[in-house]
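Since we're looking at a predicted model, the values are computed, not measured. Starting from 1, each residue takes its place in the sequence as its number.
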Amino acid sequence: MPITSMHLLSSGFALGRSRGGSIRALLLAHLAVLRAIVLVSGTFALFALGLGASPAKAQVSLLPDEVERVDVIVIEVDNRDVFGFDALSGRRSATRLEIGEQIVFSESRGRVGLLLTDRRALGIAPGIGFQEVRYRIGESAPEVGLIEDRIALVVTGKRALGFVGALGWVEERFTPQEFAEALRAGAAAGIVATNRRALGLAPNLGRFVSTSFRVKEKLESVTAQDTLISVRTDRRILVFSAPRAIWTTQDRRLN
């Protein structure tokens with residue numbers, strides 16, 4: 001049977017349909033694979049966001065070792081014996097009151113414990129025993145202290161005292177006619193504001209950071225946050241950053 005041009009056209013058309021079908025089938029196969037990959041990826045993503053993620057909210061580091069709001073120190077008094085129990089290390093520290101020595105204040109919070117007597121101030125923190133600072137002759141003994149997660153503050157008639165855990169006690173002597181007007185503390189920042197200056201304190205700092213008030217500058221308010229202290233006077237706004245251990249000031253516009 002002779003092959004005509006119509007046969008050739010029919011054969012070419014059939015071959016084209018065959019090749020087109022193969023290409024179409026190949027494309028469909030690729031699409032199926034891509035869909036499977038997307039489905040699997042989405043499943044793993046949902047798993048990571050849901051089942052694999054911790055239910056706790058993300059925490060922003062406040063200090064290099066981060067502020068932990070968990071009480072880990074407890075102070076117990078038994079007659080003249082004073083015990084400090086540390087939940088982090090499991091250690092027990094002890095000291096003994098002197099004959100006639102009277103306790104006037106005792107409190108623990110976070111990683112700091114504070115006990116005041118009529119003769120000395122005692123501080124305790126994880127990993128260390130009781131650290132003491134004695135009052136000087138003619139120095140009025142404080143009847144109360146301010147304590148937060150990482151800082152304790154005490155003021156006498158002559159000094160500002162700060163307890164900062166492993167660094168122990170730090171102090172700043174008052175100048176003549178200087179006296180404390182306000183004490184504030186956040187979880188990891190503290191301040192003693194006097195009639196002449198502001199004394200900032202941070203847990204990892206072995207000293208007070210002082211900034212002086214101007215002549216006739218009047219203190220209006222003091223606010224403590226976790227790692228920041230804000231001081232407002234009638235002339236300026238002063239902010240103490242505990243992580244950086246610096247004061248930043250801003251003059252106020254006078255109406």
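- Residues Val154 and Trp169 are in side-chain contact: their nearest non-hydrogen atoms beyond the backbone lie under 4.5 Å apart.
- Leu183 and Phe208 fall within a single hydrophobic cluster, where Ile, Leu, Val, Met, Phe, Trp and Tyr side chains are chained together by heavy-atom contacts under 4.5 Å.
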Intermediate values then yes/no, side-chain contact (heavy atoms from CB on, under 4.5 Å), Ser106 and Leu116: CA-CA 6 Å; Ser106 178; Leu116 304 178; over 6 Å; no
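- No more than 12 heavy atoms of other residues, nucleotides or ligands sit less than 6.0 Å from atom CD of Gln250.
- Heavy atoms only, all atoms of each residue included: Glu143 and Phe105 are closest at O-CB, 3.8 Å.
- Across every non-hydrogen atom of Ile191 and Ala198, the tightest pair is CD1-CB, 3.9 Å.
- Under the 4.5 Å side-chain criterion, counting only non-hydrogen atoms from C-beta, Asp81 is in contact with Arg96.
- Atom CG of residue Asn195 and atom CZ of residue Phe213 lie 9.0 Å apart, to the nearest 0.5 angstrom.
- Shown here is Arg173, whose CZ atom has no more than 12 heavy atoms of other residues, nucleotides or ligands within 6.0 Å.
- Side-chain contact between Arg109 and Glu148: present, with at least one pair of heavy atoms (C-beta onward) separated by less than 4.5 Å.
- Linking ILVMFWY side-chain heavy atoms closer than 4.5 Å, directly or via other members, places Val144 and Val133 in a single hydrophobic cluster.
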Worked verdict on Phe163 versus Ile147 for side-chain contact (heavy atoms from CB on, under 4.5 Å): CA-CA 9 Å; Phe163 182 72; Ile147 181 171; over 6 Å; no
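- Asp71 places a side-chain N or O within donor-acceptor distance of the main-chain N or O of Gly110, the cut-off being under 3.5 Å.
- By the rule that hydrophobic residues join a cluster once side-chain heavy atoms approach within less than 4.5 Å of another member, Leu205 and Ile128 end up as members of separate clusters.
- Looking at heavy atoms from C-beta onward, Leu161 lies out of side-chain contact with Val170 at the 4.5 angstrom threshold.
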From CA spacing to verdict: side-chain contact (heavy atoms from CB on, under 4.5 Å), Glu217, Arg236: CA-CA 9 Å; Glu217 188 174 14; Arg236 294 181 296 167; 2.9 Å; yes
Lys218 vs Glu220, salt bridge (Lys or Arg N to Asp or Glu O under 4.0 Å): CA-CA, chis, key distance, verdict: CA-CA 6 Å; Lys218 296 181 180 179; Glu220 290 187 351; over 6 Å; no
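- Using a 4.5 Å heavy-atom threshold, the side chains of Pro126 and Val72 count as touching.
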Test salt bridge (Lys or Arg N to Asp or Glu O under 4.0 Å) applied to Arg196 and Glu172, step by step: CA-CA 13 Å; Arg196 295 182 177 175; Glu172 183 75 17; over 6 Å; no
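- Rounding to the nearest 0.5 Å gives a distance of 6.5 Å between CG of Leu199 and CZ of Phe174.
- Atom CD1 of Ile151 is separated from atom CG of Leu114 by 12.5 Å, given to the nearest 0.5 angstrom.
- The number of heavy-atom neighbours closer than 6.0 Å to CZ of Arg252, taken from other residues, nucleotides and ligands shown, is above 12.
- Connection of Ile246 to Phe240 is not established within any shared hydrophobic cluster, with ILVMFWY side chains joined at heavy-atom distances below 4.5 Å, either directly or through further cluster members.
- Side-chain atoms of Thr194 and Glu178 form a donor-acceptor pair, as typed in the model, at a separation below 3.5 Å.
- The existence of a salt bridge linking Arg134 and Glu98 is confirmed by a sub-4.0 Å separation between a basic side-chain nitrogen and an acidic carboxylate oxygen.
- A pairwise comparison of heavy atoms in Val192 and Ala180 identifies CG1-CB, 4.2 Å as the closest pair.
- With values rounded to the nearest 0.5 angstrom, Ser93 atom OG is found 10.0 Å from Ile75 atom CD1.
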Steps toward salt bridge (Lys or Arg N to Asp or Glu O under 4.0 Å) verdict (Asp86, Arg111): CA-CA 9 Å; Asp86 173 7; Arg111 295 190 176 195; over 6 Å; no
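- Phe83 and Ile103 sit in two unconnected hydrophobic clusters of ILVMFWY residues. Membership requires side-chain heavy atoms under 4.5 Å apart, directly or through other members.
- Looking only at atom types and distance, the side chain of Arg184 has no donor-acceptor partner in the side chain of Thr223 under 3.5 Å away.
- Once rounded to the nearest 0.5 Å, the distance linking CZ of Arg120 with OH of Tyr135 reads 10.0 Å.
- Side-chain atoms of Glu139 and Thr156 include a donor-acceptor pair closer than 3.5 Å.
- Considering all non-hydrogen atoms of both residues, Gly157 and Ser140 come closest at N-OG, 3.1 Å.
- For the pair Arg80 and Glu101, the minimum side-chain heavy-atom distance is 4.5 Å or more.
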Pair Leu97-Val82, side-chain contact (heavy atoms from CB on, under 4.5 Å): steps then yes or no: CA-CA 7 Å; Leu97 298 177; Val82 180; 4.0 Å; yes
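- Counting only heavy atoms from C-beta outward, the side chains of Val209 and Thr211 never approach each other to under 4.5 Å.
- Side-chain contact check for Val112 versus Asp149: every heavy-atom pair is 4.5 Å or farther apart.
- Here the closest heavy-atom approach between residue Lys158 and residue Ile137 is recorded as NZ-O, 3.5 Å.
- Residues Arg207 and Leu201 share a closest heavy-atom pair of O-CD1, 3.4 Å.
- Once rounded to the nearest 0.5 Å, the distance linking CG of Leu219 with CZ of Arg235 reads 13.5 Å.
- Using a 4.0 Å cut-off between charged nitrogen and carboxylate oxygen, Arg214 and Asp251 count as a salt-bridge pair.
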